[in-house]
Amino acid sequence: MIRGAACFRKLFQSSAVSSKVAAKCYTAQAAVQPAIYSSDEESADIDWDNLGFNLMQTDYMYMTKCSDDGVFRKGQLNRYGNINLSPSAGVLNYGQGLFEGTKAYRRDDGRVFLFRPEQNAIRMQIGAERMCMPSPTTDQFVNAVKQTALANKRWIPPSGKGSLYIRPLLIGTGPILGLSPAPEYTFLVYACPVGNYFKQGTAPLNLYVEEDVHRASRGGAGGVKSITNYAPVLKAMKNAKANGYSDVLYLDAVNKKYIEEVSSCNIFLVKGNVLSTPIAKGTILEGITRKSIMDIAHDLGYTVEERLIEADELISADEVFCTGTAVGVAPVGSITYKGQRIEYKISSDLSCKQFYSRLVGIQRGVIKDERDWIVEIE
Ligand code: COI
């Protein structure tokens with residue numbers, strides 16, 4: 001029988017480990033204080049060249065709770081595994097939950113960096129206020145993200161092969177029957193190595209403009225990263241994917257004519273020297289990649305506009321692309337709207353490729369990080 005940390009390491013060297021075996025090891029390990037993997041820890045035994053966006057069990061997750069006082073206690077790393085929830089937990093019954101997504105990158109010299117993690121912390125705080133939840137401070141949040149990345153360091157892909165996607169969750173875990181805020185909250189962070197988000201890899205996206213299903217409406221929670229924004233788009237997405245599209249582009253719920261966002265990312269149009277993106281007024285998630293690309297485009301001399309964009313304008317755009325933490329920067333090859341397929345030329349001199357290579361350059365340390373976007377994990 002394999003025991004102790006060696007047992008855990010051995011079992012998790014392969015992503016093909018059955019969950020039964022993993023659960024057994026988790027039980028055996030639960031009382032053991034997790035050892036943080038050191039920088040010379042051997043890399044996880046996975047195929048780094050073929051990472052998609054698929055869940056893989058890593059070693060550790062971070063967890064902390066808070067109750068009535070609204071203050072999150074000092075958290076700790078636990079083995080990655082299932083969590084106990086009351087059937088009447090607020091998150092299960094009333095969807096009181098938020099999530100975030102950020103990434104840790106490994107550079108050629110082995111050093112590991114995060115990209116603007118404090119922005120995720122702030123977005124979680126804004127979302128928590130909307131959803132009537134307490135939230136971790138920016139320091140607690142960033143520290144939890146760093147600890148999770150470090151503890152799972154052997155799962156961070158080699159430079160250029162992908163990244164460690166880090167998923168912070170804030171959920172109402174206290175039991176509640178009547179509709180009301182939960183009496184207890186959990187802040188949890190787990191991580192998973194990822195490559196391309198879309199199954200087609202880096203191939204241009206084919207989007208479908210959905211006219212009947214709306215993602216968000218004014219006064220709702222579309223502007224925050226509430227878990228409740230995601231299940232309602234699954235049906236439209238599933239239909240679009242069954243018809244060969246990569247994802248769905250949603251329209252505003254009032255006029256049904258302004259583009260808003262895609263299920264998993266924000267959208268941009270380029271026409272000449274002007275970069276336009278739908279204005280965020282509560283129905284669009286203010287992506288951190290979205291914000292960063294706007295700054296980069298501005299630095300490169302583009303005029304950047306946040307405004308109402310009619311779907312009819314899609315036809316005259318030179319270029320369309322999507323942005324998101326999971327998605328990165330993805331060029332759009334076609335958009336189907338009212339039965340008409342609009343095709344976009346894909347070439348090596350697309351503006352989005354320029355923006356993306358600048359973003360990646362900053363993340364990899366080959367372009368000066370003038371705005372202090374990069375945070376090293378030591
Ligand atoms: C992200 O980009 O981090 C997201 O949360 C999008 C999600 C649909 C994967």
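Because the structure is a prediction, the values reported are computed rather than measured. Both ligands and their constituent atoms are indexed starting at 1 by order of listing.
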N/O donor-acceptor pair under 3.5 Å between Glu100 side chain and Ala121 backbone: no
For ligand 1, which atoms have a heavy atom of Arg167 less than 4.0 angstrom away? 5 (O), 9 (C)
Are the aromatic rings of Phe321 and Tyr356 close, with centres under 6.0 Å apart? no
When the aromatic ring centroids of Tyr105 and Phe113 are compared, is their separation below 6.0 Å? no
Any side-chain to backbone donor/acceptor pair from Thr64 onto Arg73? Under 3.5 Å, distance only. yes
What atoms in ligand 1 come closer than 4.0 Å to a heavy atom of Phe99? 5 (O)
For ligand 1, find out whether one of its N or O atoms is nearer than 3.5 Å to an N or O atom of Tyr197. no
Which ligand 1 atoms are under 4.0 Å away from a heavy-atom of Gly101? 3 (O)
Between Arg290 and Glu261 (salt bridge meaning N to carboxylate O under 4.0 Å), is one present in this structure? no
Out of Gly287, Ser264, Cys265, the nearest non-hydrogen contact to atom 6 (C) of ligand 1 is supplied by Ser264
Which protein non-hydrogen atom lies closest to atom 2 (O) of ligand 1, naming both residue and atom, and how far is it? Ala326 N, 2.8 Å
Are there more than 12 heavy atoms of other residues, nucleotides or ligands under 6.0 Å from atom CZ of Arg371? yes
Can you name the atoms of ligand 1, numbered from 1 with element, that are less than 4.0 Å from a heavy atom of Tyr165? 1 (C), 3 (O), 4 (C), 5 (O)
Of all the non-hydrogen atoms in the protein, which one sits nearest to atom 4 (C) of ligand 1, and at what distance? Lys225 NZ, 3.4 Å
Taking the non-hydrogen atoms of Glu100, is any one of them nearer than 4.0 angstrom to ligand 1? no
Do Asp49 and Lys161 meet the salt-bridge criterion of a basic N to acidic O distance under 4.0 Å? yes
